[in-house]
Amino acid sequence: MIGNVAFREIFDVAADAMFILDQDGLILEVNQIAYEQLGYTKAEMVGRAIADFVPPPLAAATRDRLANVRKHGYLIFESAMVRKDGSVLPLEIGNKVIEHADGNSYYGVARDISERKRLDQALKESEARFRTLSEDAPEAIVIHDLDTGKFIDATTSAERLFACERDEILQHGPEYFFAPDQPEGTPSIASIQERGQRILAGEQMKFERLIRNGKGQDIFCEVRLVRLPSANANLIRASYLDITERKMAADKIEHLAFYDSLTDLPNRRLMLDRLDQALIASNRSAKFGVLMILDLDNFKAINDTKGHDVGDRLLIEVAHRIVSSVRPEDTVSRLGGDEYVVLVEALGPDETLAASRAEMIAENIRIALTQPYVLYRGEQAQHSTSSIGVTLFRGNELAIDILLKQADMALYQAKGAGRNTIRFFNPAMQAVIESRSRMEAALRNGLQNGEFQLHYQPKVDQEGRTNGAEALLRWMSADQGQVSPVNFIPLAENTGIIIPLGLWVMQTACAQLKAWSESPGTCDLQISINVSARQFHEANFVGQVFDSLKQSGANPKLLKLELTESVVLEDVEDAITRMQQIKALGVTFSLDDFGTGFSSLSYLKRLPLDEVKIDQSFVRDVTSDANDAAIVRAIIAMSRSLGIQVIAEGVETEEQLHFLKENGCMNFQGYLFGKPMPIEELNRLL
């Protein structure tokens, strides 16, 4: 059949399997490589139909293709043949019609494409894995062609993020989905485009961007751009991660850090930052600004009588009225409680004119806050007024804390002037501030250096026997000598120094009780100590009492805590709970200065009191003032009816003592029995 010697040589040494078929598809010739690839001998193949060596599903297609070869003269297609061992060999086959004298036959070349098929399958599997990873990834992924400016591919996640079908996404570039209003610091489109070549060179880029999707929703995204390897195009892989919830959470945290949770006004932290910026701006412009501190004159009464819900609604309404009384660029903040700060800038370079404008703003606020408050529909309107302290500033020579103290001093001056009024800080008050600052530092040093002492004033019964003493704090300052409690106790209260100072008093008194317990003549003596409001309402106050008693070994029954009405009234329910916890330790309570406040049987009968102390202001004129005498009799009678002991303080004359005894008072304290004295002197007296 094959007569040409050259063709025969090529046929035998060809790298691909070669077949010659007759016009009916019978194998006439097969080259050596075909035997090797299929595993048959020449005798097993020659004379058989080519269709016998293809997988059964392909047999019919093989016959059809031979017919197409006859029709067209040449055909290339993919097929397969079955090896002798039963495995299938994928092939790319080219068939050509050969015309000769005996009729037509077919010449076929079959190339082994096993490796190509394997690579194709691996690529498909890789693409499938990549597609699966892309679809399941939280990021929306798109491929951006820098040459056309459009997306050329997009994942299903991108369809969800952009709220568009894939075909619609591929009609646009990234700019189409960028929201028009971007957060501060977001890179511009131009800057992103400028970095395109650097990204193609291997640089990566990450930024945040506000995306507006097909539904008109704005979504915060973290965008990452990286080069996508490509031989024929400049491609960038862009991933968009939705960080809207993260941004909202971060914004919420930041808002909580800088804004008051009740009124949504700037809190102290943000106010201090804005005040610092205002001082810098004032220094540049040489214009005056004003700082105001105000609080409500009767807020506590409303809060206590109407409840915290009403109090909170009042605070919110006050915030709205203050904000409405100033310019949008001014700062209104809430420091806490019922205290607000107003910061107004750029009032002009003239001090007199700036002061006039500041007064007008403050007066507008004051008037706004005097109007009735209808906090709940159908309920009676509430009324409140405010006191406002004002201080001017220009430049940043004065520190922030000094300005705040100035405004605070002006506020106290407004309260002292009758409330519902405005007062400006004046330079004469600066000396008071500086004196308070020096005393505050001296107080702290004095506590560290042991400059405080306890003096004890005896208490006696009807027989004149000493049954205890009141411990009174004295300060022997190294710089100022003896400082009156009238001067340092209020400052200690305001600055919080009263808390460690009060703890020292308690520990010292307990230690003295332990020392007295060693002697039969003093083992039954009581010591009473005064407890301030700040000390009493400290979260760990009950624990401090317990620790002081435990560490000293003192008998709890001999320790008496004296509270004023203001301490109890600050939070009656909390006071009762704390008192009961301390009573459980064995400690007793006395209500100090009874009769000077707003005493009420409604709470007095609920308090776990052991004693009330008649204030010395009533005792002083008890023998000459009928009103004082009547008040004292009423206090004694009321206390006896409640089963509470009574002690009168400030007893200085025999006449006072006689009146008190006649009316049933059993215990006394005052200069008639002894002044406050050091412990050594009291021990000698005892």
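Not measured: the values here are computed from a predicted model.
The closest side-chain heavy-atom distance from M439 to V483 is below 4.5 Å. Looking at heavy atoms from C-beta onward, Q482 lies in side-chain contact with R474 at the 4.5 angstrom threshold. Taking the side chain as every heavy atom from C-beta outward, E159 and C164 never approach each other to under 4.5 Å. Side-chain contact between K415 and D297: present, with at least one pair of heavy atoms (C-beta onward) separated by less than 4.5 Å. The shortest distance between side-chain heavy atoms of R357 and V290 does not fall below 4.5 Å. The closest side-chain heavy-atom distance from E573 to T577 is not below 4.5 Å. Taking the side chain as every heavy atom from C-beta outward, I322 and L369 approach each other to under 4.5 Å. With contacts defined as side-chain heavy-atom distances shorter than 4.5 Å, the pair I316/V318 does not qualify.
A donor atom on one side chain and an acceptor atom on the other are not found under 3.5 Å apart for R321 and S324. Between the side chains of D479 and S477, no donor N or O sits under 3.5 Å from an acceptor N or O.
Using modelled atom types, one side-chain atom of R394 and one backbone atom of P349 make a donor-acceptor pair closer than 3.5 Å. In this structure, R224 contributes its side chain and S239 its backbone to no donor-acceptor pair below 3.5 Å. Put simply, the side chain of Y340 gets close to the backbone of L315: a donor and an acceptor are under 3.5 Å apart. Side chain of T263 to backbone of L265: a donor-acceptor contact under 3.5 angstrom is found. When atom types are taken as modelled, the side chain of T155 and the backbone of I141 share a donor-acceptor pair closer than 3.5 angstrom. Panel note: side chain N449, backbone E451; no donor-acceptor pair is recorded below 3.5 Å. Within the 3.5 Å criterion, the main-chain N or O of G543 finds no donor-acceptor partner in the side chain of N540. Distance alone, capped at 3.5 Å, places no donor-acceptor pair between the D401 side chain and the L404 backbone. Under the 3.5 Å distance criterion, the side-chain polar atoms of S282 are matched with a main-chain donor or acceptor of G395. Checked by atom type and distance alone, the side chain of N420 never pairs as donor or acceptor with a backbone atom of T385 at under 3.5 Å.
Rounded to the nearest 0.5 Å, atoms CZ (F220) and NZ (K247) are 5.0 Å apart. To the nearest 0.5 Å, atom CG of residue L398 and atom CG of residue L392 are 11.5 Å apart. In this structure, CG on D547 lies 9.0 Å from CG on L503, to the nearest 0.5 angstrom. Taken from CG in D273 to CZ in R268, the straight-line distance is 13.5 Å, to the nearest 0.5 Å. To the nearest 0.5 angstrom, I499 atom CD1 is 3.5 Å from E538 atom CD. Between atom CD of residue Q406 and atom CG of residue L403 there is a gap of 5.5 Å, rounded to the nearest 0.5 Å.
Across all their heavy atoms, L296 and D338 have their closest contact at O-OD2, 3.0 Å. Residues S548 and Q507 approach most closely at OG-CG, 3.5 Å, considering heavy atoms. The two atoms that bring K215 and A163 nearest to each other are CG-CB, 3.9 Å, heavy atoms only. Across all non-hydrogen atoms, the minimal contact from A471 to L454 is CB-CD1, 4.1 Å. Nearest heavy atoms, A140 versus A158: CB-CA, 3.4 Å. Across all their heavy atoms, S333 and M271 have their closest contact at OG-CG, 3.2 Å.
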Is there a side chain to side chain contact (heavy atoms under 4.5 Å, CB included) between I582 and L561 once you walk through the steps?
CA-CA 10 Å; I582 295 171; L561 304 184; 4.1 Å; yes
Intermediate values then yes/no, side-chain hydrogen bond (donor to acceptor under 3.5 Å, both in side chains), D592 and T564: CA-CA 5 Å; D592 198 7; T564 62; over 6 Å; no
| request: Would you please test L472 and N530 for side chain to side chain contact (heavy atoms under 4.5 Å, CB included) and show each step? | output: CA-CA 8 Å; L472 299 166; N530 294 285; 3.9 Å; yes
Review point. Would I361 and R366 count as a side chain to side chain contact (heavy atoms under 4.5 Å, CB included) if you check the C-alpha gap in whole Å, the side-chain angles of each, and the deciding distance to 0.1 Å?
Key: CA-CA 9 Å; I361 295 169; R366 189 194 66 79; over 6 Å; no
Could you give me the CA-CA distance, side-chain angles and deciding distance for T508 and Q453, then say whether side chain to side chain contact (heavy atoms under 4.5 Å, CB included) is met?
CA-CA 9 Å; T508 305; Q453 301 176 4; over 6 Å; no
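Aromatic ring centres of F177 and Y240 lie farther apart than the 6.0 Å criterion allows.
By the neighbour-count criterion of 12 heavy atoms within 6.0 Å, atom OH of Y373 is densely surrounded, having more than that number from other residues, nucleotides or ligands. When the shell of 6.0 Å around OH of Y412 is examined, it contains 12 or fewer heavy atoms from other residues, nucleotides or ligands. Heavy atoms from other residues, nucleotides or ligands lying under 6.0 Å from CD of E351 number 12 at most. Within a 6.0 Å radius of CD in E245, no more than 12 heavy atoms belonging to other residues, nucleotides or ligands are found.
Salt-bridge check for R313 with E317: failed, with every basic side-chain N at 4.0 Å or more from each acidic carboxylate O. In summary, D408 and K405 do not engage in a salt bridge, as defined by a charged side-chain N under 4.0 Å from a carboxylate O. Salt-bridge formation is detected for the pair R578/D574: a Lys NZ or Arg NE/NH1/NH2 atom is positioned less than 4.0 Å from an Asp or Glu carboxylate oxygen. A salt bridge between R438 and E440 is absent, with no side-chain N of the basic residue lying under 4.0 Å from a carboxylate O of the acidic one. In this structure, E222 pairs ionically with R246, as a charged nitrogen and a carboxylate oxygen lie closer than 4.0 Å. With salt bridges taken as basic N to acidic carboxylate O contacts below 4.0 Å, none links K287 and E345.
Between W475 and F452, the ring-plane angle classifies as parallel under the 30° and 60° cut-offs.
Here the rule is side-chain contact (heavy atoms from CB on, under 4.5 Å) with N487, and of P485, S484, P490 only S484 fits it.
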